[in-house]
Amino acid sequence: MFEPDGSIRPCYDEVQQWVDRTGIAGLNRRMDEAEAIFRRIGITFAVYGEGGDPERLIPFDLLPRIFTANEWRILDKGIRQRARALNAFLHDVYHRGEIVKAGIMPADIIYRNSAYLAEMADFTPPGKVYSHIVGIDIVRTGPGSFEVLEDNCRTPSGVSYMLENREIMTRMFPELFAQGVVAPVDDYPAELLKSLKEVAPPACKGDPVVVVLTPGSLNSAYYEHSFLADLMGVELVEPADLFVDDDRVWMKTTLGPKAVDVIYRRIDDEYIDPLVFRPDSLLGVPGIFNVYRNGGVTLASAPGSGIADDKAVYIYVPEMIRFYLGEKPILDNIQTWQCGKPDELKYVLDHLHELVAKEVHGSGGYGMLIGPKASHAEVEAYAERIKANPGEFIAQPTLDLSTVPTLGPASVVGRHADFRPYCLVGKQIRLVPGGLTRVALTEGSLVVNSSQGGGVKDTWVLQE
């Protein structure tokens with residue numbers, strides 16, 4: 001919010017004036033109003049480690065995170081570039097594996113990875129698109145400097161918060177939004193539907209029928225599943241609503257079976273088809289994977305896309321960009337040490353108290369160690385875990401992340417944040433100007449995940 005000399009950055013002028021006019025007490029009353037709205041319309045999520053309470057709200061912060069038009073130009077190009085490279089990588093590893101043959105990536109990281117599905121080998125999804133919604137977690141590390149923390153190629157969640165945060169802020173800042181100063185994000189559902197229809201399977205002959213497949217109302221992200229289905233104007237289905245017949249997937253309706261062309265699935269790979277993957281899955285649709293392979297339905301995202309989520313694979317994304325696209329990476333990775341390499345393992349173990357260590361398959365902020373915040377005993381215990389299975393861990397420096405203005409009980413305070421845009425991939429790549437800013441509400445904390453007590457805020461991209 002502030003320049004190094006203490007002056008307000010011009011893009012935050014309007015926000016600062018609003019804070020001054022309203023006062024901290026008034027802003028906190030507005031926060032209470034916003035929370036009441038969130039609870040009334042049901043934007044909740046469950047944290048399974050805490051008993052899965054479905055009535056918990058992700059804390060919402062009223063002060064927006066702002067990107068200038070120039071900053072967004074850099075981010076927009078870098079995000080699109082990364083989404084193209086990740087999809088090219090997924091096609092390659094399930095076909096010829098040229099990146100391995102070229103000696104750029106070791107085969108073990110890919111083919112011994114639990115997210116790699118041999119069942120997807122030699123199969124090309126419609127349009128060669130594997131990951132249809134790519135969520136890229138980005139942090140600012142300096143003025144105009146952005147780095148990628150990780151990639152989410154399966155089913156990146158949180159987009160409902162991006163949309164609902166904007167709805168709340170439009171009520172709070174009606175004059176500002178009326179001026180068209182902030183780029184809109186409300187066409188995301190329409191853009192998502194377009195992208196999904198563009199990857200309809202060969203068996204589809206008319207306007208593609210799209211559905212959102214949810215595990216059910218007990219899932220932590222069920223609100224988002226129903227929210228997106230509603231905004232796209234498509235059916236929200238559970239596995240029991242679908243069946244396979246005559247090499248097509250059908251949806252049960254009151255008017256009889258209806259063929260389904262594209263399934264935006266929010267069910268993990270291993271549960272999608274009990275005939276192919278886990279036989280004990282009650283969430284799958286028997287026979288759906290065979291229909292998929294035969295061109296009768298499109299699954300978004302493709303099974304096996306999770307290989308591109310892996311933190312050990314993430315290290316090589318800049319090389320993927322050079323290899324597949326012949327371009328220089330626009331967004332850099334954060335420096336990352338692979339504990340599976342002996343020399344890097346030694347460095348990590350010697351400096352673990354200074355680093356952030358993570359499990360390569362971990363997500364949601366679980367299974368990580370923030371060295372500077374950990375006790376000596378915690379560091380020692382984590383070091384033993386790394387030594388027992390080095391290839392399962394990476395480490396990164398504790399970054400001097402930028403902070404964003406956040407409403408405290410008595411003043412505006414700085415808190416660390418990251419940013420997740422949602423890049424849509426169909427026949428073309430689409431990206432709405434905005435995304436989800438996740439903020440660490442505890443002073444000094446670097447953990448922004450909602451499952452670890454983080455909050456969310458609206459992200460403004462200023463128009464020219």
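Of the possible donor and acceptor atoms, none in the side chain of Arg65 sits under 3.5 Å from a partner among the backbone N and O of Thr437. With hydrogens and angles ignored, the 3.5 Å screen pairs no side-chain donor or acceptor of Asp458 with any backbone N or O of Pro64. Distance alone, capped at 3.5 Å, is enough to place a donor-acceptor pair between the Lys101 side chain and the Arg96 backbone. Ser305 places a side-chain N or O within donor-acceptor distance of the main-chain N or O of Ala302, the cut-off being under 3.5 Å. The backbone N or O of Ile315 sits nowhere less than 3.5 Å from a side-chain atom of Thr336 that would complete a donor-acceptor pair. Checked by atom type and distance alone, the side chain of Asp230 never pairs as donor or acceptor with a backbone atom of Ser226 at under 3.5 Å. Between the side chain of Asn333 and the main chain of Tyr314, a donor-acceptor pair closer than 3.5 Å is present. Using modelled atom types, no side-chain atom of Asp332 and backbone atom of Glu147 make a donor-acceptor pair closer than 3.5 Å. Under the 3.5 Å distance criterion, the side-chain polar atoms of Asp241 are matched with a main-chain donor or acceptor of Glu238. The main-chain N or O of Ile136 is never found under 3.5 Å from a side-chain atom of Arg82 such that the two would form a donor-acceptor pair.
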### Task
For the pair Asp261 and Val297, evaluate side-chain contact (heavy atoms from CB on, under 4.5 Å) and give the outcome as yes or no after the intermediate values.
CA-CA 5 Å; Asp261 300 303; Val297 74; 5.9 Å; no
### Task
Under the salt bridge (charged side-chain N to carboxylate O under 4.0 Å, His left out) rule, what do Glu224 and Arg266 come out as? Steps first, then yes or no, please.
CA-CA 10 Å; Glu224 179 158 294; Arg266 300 298 292 258; 3.2 Å; yes
### Message
One pair to check against side-chain contact (heavy atoms from CB on, under 4.5 Å): Glu392 and Arg385. What are the steps and the verdict?
### Response
CA-CA 9 Å; Glu392 294 298 304; Arg385 289 184 61 204; over 6 Å; no
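Ring-centre distance between Tyr94 and Tyr116: below the 6.0 Å cut-off. The aromatic ring centroids of Tyr130 and Phe89 lie 6.0 Å or more from each other.
Side-chain atoms of Asn113 and Asp310 include a donor-acceptor pair closer than 3.5 Å. Between the side chains of Ser195 and Arg430, a donor-acceptor pair is found at a separation under 3.5 Å.
No more than 12 heavy atoms of other residues, nucleotides or ligands sit less than 6.0 Å from atom CG of Leu282. Annotation for Glu191: atom CD counts as buried by contact number, over 12 foreign heavy atoms lying within 6.0 Å. Annotation: Lys427, atom NZ; neighbour count of heavy atoms from other residues, nucleotides and ligands within 6.0 Å does not exceed 12.
Here the SG atom belonging to Cys153 is positioned 11.5 Å from the NE2 atom belonging to His132, to the nearest 0.5 angstrom. To the nearest 0.5 angstrom, Asp273 atom CG is 10.0 Å from Glu119 atom CD. Residue Phe393 holds its CZ atom at 4.5 Å from OH of Tyr382, rounded to the nearest 0.5 Å. Here the straight-line distance linking atom CZ of Arg420 with atom OG of Ser157 works out to 5.5 Å at 0.5 Å rounding.
Between Trp72 and Phe67, the ring planes are tilted. Angles from 30° to 60° get that label. Taking the six-membered ring where tryptophan is involved, the planes of Phe289 and Phe277 are perpendicular, since the angle between them exceeds 60° and thus also 30°.
Exactly one of Ile133, Leu299, Thr298, Leu236 qualifies for a side chain to side chain contact (heavy atoms under 4.5 Å, CB included) with Tyr264. That residue is Ile133. Only one option out of Glu150, Lys311, Gln335, Lys358 pairs with Gln396 in a side chain to side chain donor-acceptor pair (under 3.5 Å); it is Lys358.
Residues that satisfy the ring pair (Phe, Tyr, Trp, His ring centres under 6.0 Å) test with Trp337, not counting sequence neighbours, are Tyr347.
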